[in-house]
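See below for the structure under consideration.
One is the number of the first residue; the rest follow in order along the sequence. Not measured: the values here are computed from a predicted model. Values below: all heavy atoms of this structure, side chains included; hydrogens, waters and symmetry mates excluded.
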Amino acid sequence: MIGGAVIEALQKFVPRENIRLQEPMAGHTTFRIGGPADCFLELENEEQLKKVRRYLELTGVSFFVLGNGSNLLVNDTGYRGIILQVGSKMNGISVQGNRVIAKAGATLVQAARTAMEHGLSGLEFASGIPGTVGGGVVMNAGAYGGEMSQAVVQVNVVSRDGEILELDNETMEFGYRSSVIKHSPFIVTEVTFCLDRDDKDVIKGRMEELAMRRREKQPLEYPSAGSTFKRPEGHFAGKLIMEAGLKGFRIGGAQVSEKHCGFVVNTGNATAQDVRDVMTAVQNRVKGQFGVELEPEILFVGW
């Protein structure tokens with residue numbers, strides 16, 4: 001539990017109305033699953049983030065940085081610590097020439113749409129990814145042959161000491177669904193994309209085509225965290241899961257999607273444990289039949 005002294009200190013950095021205790025995380029994840037966080041802190045700007053980050057470093061209080069909650073599974077028991085949300089209150093986007101500069105809390109959908117409106121191409125792949133720019137750059141989010149590393153030129157982060165650092169593309173050490181930030185104490189505040197000029201209607205057409213492909217192939221009608229497993233080298237996770245006979249496999253309210261086996265979905269009343277159990281069963285079956293280890297793409301919070 002978070003003590004009164006910590007809450008009192010946090011109120012010096014952010015407005016009291018932005019601090020919520022025992023906040024159900026089901027309302028902050030695309031899985032619509034998750035127990036209460038001891039403390040949920042909604043950040044409004046970089047200055048607040050710098051002060052809070054410095055304070056948490058000094059006190060050693062556990063925290064987790066949340067964007068749109070699109071790539072994670074929060075335990076049914078919740079999270080013992082502070083959730084720092086870099087979300088809708090930190091979502092500004094500006095355009096300078098062929099560069100789109102987005103705050104970490106802006107959604108990838110917003111960034112892609114802004115780019116399109118200014119005749120800038122290179123973020124079409126992100127137009128249907130439900131995460132934030134901050135979360136997307138940490139995970140090097142990608143889809144349909146595109147990924148963040150192809151467009152990012154600078155990432156501003158807050159260090160554990162509350163200082164702002166600027167990381168270029170090379171320093172980010174982008175890999176498949178990873179970056180240097182994924183394994184560091186940095187928190188993303190802003191991302192700069194360098195894009196190519198193109199006709200606005202042509203860009204819009206590409207985005208609409210990708211949206212149609214998503215609707216046809218992905219189970220968008222159910223809450224999920226997107227692709228459940230990373231793509232194993234030389235294989236496709238969804239294809240292996242289907243060939244293992246697990247299409248529609250379910251435990252409780254969690255189910256391997258009948259539309260796309262690469263997704264585990266919440267059919268309405270799934271618990272986090274249901275999802276975890278389905279994932280484990282899938283991993284065991286695929287390993288047993290094909291000798292392939294499926295690595296989770298989603299993050300586990302509070303386990």
Within a strict 4.5 Å, meaning less than it, do heavy atoms of the [X] and [Y] side chains meet?
| X | Y | answer |
| --- | --- | --- |
| V137 | S179 | no |
| N71 | I298 | yes |
| F300 | M279 | yes |
| L195 | H118 | no |
| L21 | I2 | no |

Counting N and O atoms only, with roles assigned by atom type, does the side chain of [X] sit under 3.5 Å from a partner on the main chain of [Y], one being a donor and the other an acceptor?
| X | Y | answer |
| --- | --- | --- |
| Q150 | G146 | no |
| N98 | D196 | no |
| K230 | E297 | no |
| T30 | S224 | yes |
| Y222 | V264 | no |
| N140 | F174 | no |
| N68 | P130 | yes |
| D198 | I203 | no |
| R177 | A141 | no |

To the nearest 0.5 Å, what is the distance between [atom1] on [X] and [atom2] on [Y]?
| X | Y | atom1 | atom2 | answer |
| --- | --- | --- | --- | --- |
| M148 | M172 | CE | CE | 8.5 Å |
| T271 | D76 | OG1 | CG | 4.5 Å |
| S159 | I187 | OG | CD1 | 9.5 Å |

*Going only through I, L, V, M, F, W and Y residues with side-chain contacts under 4.5 Å, is there a path from F125 to V109?*
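Different clusters.
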*Quick one: do V158 and V14 end up in the same hydrophobic cluster if we chain Ile, Leu, Val, Met, Phe, Trp and Tyr together by side-chain heavy atoms under 4.5 Å apart?*
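Linked, V158 and V14 end up in one cluster.
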Among residues two or more places apart or on two chains, list those pairs meeting salt bridge (Lys or Arg N to Asp or Glu O under 4.0 Å) that have a residue in [range].
| range | value |
| --- | --- |
| residues 141-168 | E57-R160 |
| residues 86-103 | K103-E190 |
| residues 3-24 | R20-E23, R20-E42 |
| residues 115-137 | E124-R206 |

*For Y176, which residues count as a ring pair (Phe, Tyr, Trp, His ring centres under 6.0 Å) partner, sequence neighbours excluded?*
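Per chain and number, Y176 pairs via ring pair (Phe, Tyr, Trp, His ring centres under 6.0 Å) with no residue.
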*Applying side-chain hydrogen bond (donor to acceptor under 3.5 Å, both in side chains), which residue pairs with at least one partner in residues 244-255 are found, sequence neighbours left out?*
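Qualifying pairs, neighbours excluded: R250-T267.
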_Under a 3.5 Å threshold, yes or no: a donor from one side chain and an acceptor from the other, between T189 and E46?_
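Yes, E46 and T189 have a side-chain donor paired with an acceptor closer than 3.5 Å.
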_Output field: ring centroids H235/F290 closer than 6.0 Å_ =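 That pair fails the under 6.0 Å test.
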